[in-house]
Amino acid sequence: MTTLKTLTAAVALAALGATAPAAFAQATSPADQQGATGAQTQMGGAMQSQITDEDLERFASAESKVSEIRDDFSERLSQAEDQAEAQSLQLEAQERMVEAVQSEGLAVPQYNEIATRMQTDPELQQRMGSMN
C-alpha cells in the first residue's frame, strides 16, 4: 500500500511540475487565449511578441512565487492519502499559481509565453541572467 501511495504521489508531482505552464493555459478563458493568439497574429504570425525588461522582472518574481508553491505542494502531494486528495491538491496548486502570476501584473498566457521562450531563446536567457 505504501508503494502505491508513493507511486501516486510521484506521478502527481511529475504531472504538476511538468504541466504547470500548460495548466496555466487551461486555466485561462477562451477569450484570453484567443486574445493572446490574436495579438501574436497581428504581429506577423510566426513573429513573437517583444518582451520588455519590465515583463522579465515580473516574470522572475512570478516564477519565484510559482516555484515556492510547487515546492510546497510537492511535499503535500507526497503525503496524499488517495488519488482524489492528490487531484484536489493539484487543482489548489494550479489556482494559487495562477493567482501568483496575476498578482505580478502578468496575464497567464504572457507568463506561459515567457516561460516557453526562456527554454529556447539564449538571448532572453542572457537578458534574464543580467537582471540578477
Side-chain angles (χ1 to χ4, degrees):
M1 187 64 154
T2 304
T3 304
L4 178 59
K5 182 174 145 183
T6 304
L7 178 61
T8 300
V11 169
L13 173 59
L16 178 63
T19 62
F24 290 154
Q26 292 173 357
T28 60
S29 71
D32 289 342
Q33 290 175 352
Q34 194 169 34
T37 303
Q40 289 172 351
T41 302
Q42 290 175 3
M43 294 182 65
M47 194 173 167
Q48 297 174 333
S49 63
Q50 181 69 22
I51 297 175
T52 65
D53 286 346
E54 184 179 341
D55 292 337
L56 280 180
E57 289 173 8
R58 290 179 183 171
F59 173 80
S61 182
E63 179 61 25
S64 175
K65 290 179 180 181
V66 167
S67 290
E68 288 178 25
I69 293 165
R70 187 180 302 121
D71 292 345
D72 176 47
F73 277 87
S74 296
E75 176 76 23
R76 293 171 64 187
L77 277 169
S78 70
Q79 299 172 2
E81 296 291 324
D82 57 30
Q83 185 72 22
E85 183 180 358
Q87 287 178 337
S88 175
L89 286 169
Q90 286 178 320
L91 288 174
E92 184 181 349
Q94 178 179 327
E95 290 172 6
R96 288 195 181 173
M97 289 177 186
V98 168
E99 289 171 3
V101 168
Q102 291 173 339
S103 75
E104 291 301 320
L106 288 175
V108 173
Q110 184 180 20
Y111 173 90
N112 288 339
E113 177 187 356
I114 295 170
T116 300
R117 287 179 58 186
M118 285 295 294
Q119 295 175 13
T120 59
D121 186 339
E123 180 184 336
L124 192 58
Q125 293 167 4
Q126 183 177 11
R127 282 177 55 203
M128 180 70 114
S130 68
M131 297 178 98
N132 295 331

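Quantities reported herein were computed from a predicted structural model and do not represent experimental measurements.
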Which is it for F73 and M97 under the side chain to side chain contact (heavy atoms under 4.5 Å, CB included) test, yes or no, and what are the steps along the way? CA-CA 11 Å; F73 277 87; M97 289 177 186; over 6 Å; no
Could you walk me through whether E75 and Q79 pass the side chain to side chain contact (heavy atoms under 4.5 Å, CB included) check? CA-CA 7 Å; E75 176 76 23; Q79 299 172 2; 3.0 Å; yes
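A distance of 4.5 Å separates CG in L124 from CD1 in I51, rounded to the nearest 0.5 Å. If you take OG on S130 and CG on D53, they are separated by 7.5 Å, rounding to the nearest 0.5 Å. The distance from the CG atom of L77 to the OG atom of S88 is 10.0 Å, given to the nearest 0.5 Å.
Annotation: side-chain hydrogen bond (donor to acceptor under 3.5 Å, both in side chains) contacts of E123 (sequence neighbours excluded): none. Here S67 pairs with E63, R70 under the side-chain contact (heavy atoms from CB on, under 4.5 Å) rule; sequence neighbours left out. Partners of E85 under the side-chain contact (heavy atoms from CB on, under 4.5 Å) rule, at least two apart in sequence or in another chain, are A80, E81, D82, L89. Annotation: salt bridge (charged side-chain N to carboxylate O under 4.0 Å, His left out) contacts of E104 (sequence neighbours excluded): K65. Residues satisfying the salt bridge (charged side-chain N to carboxylate O under 4.0 Å, His left out) criterion with R76, sequence neighbours excluded, are D72, E92. Here D71 pairs with nothing under the side-chain hydrogen bond (donor to acceptor under 3.5 Å, both in side chains) rule; sequence neighbours left out. Take Q126 and apply the side-chain contact (heavy atoms from CB on, under 4.5 Å) test, not counting sequence neighbours, and it matches no residue.
What you find for G105 and R58 is that their closest heavy atoms are O-NH1, 3.5 Å. Here the closest heavy-atom approach between residue A107 and residue V101 is recorded as O-CG1, 4.2 Å. Taking all atoms of both residues into account, the shortest heavy-atom contact from A100 to A62 is O-CB, 4.4 Å.
For residues 77-99, the set of pairs meeting the ring-ring contact (aromatic ring centres under 6.0 Å, His included) definition, not counting sequence neighbours, is empty.
Within the 4.5 Å cutoff, the side chain of Y111 has heavy atoms near those of the V66 side chain.
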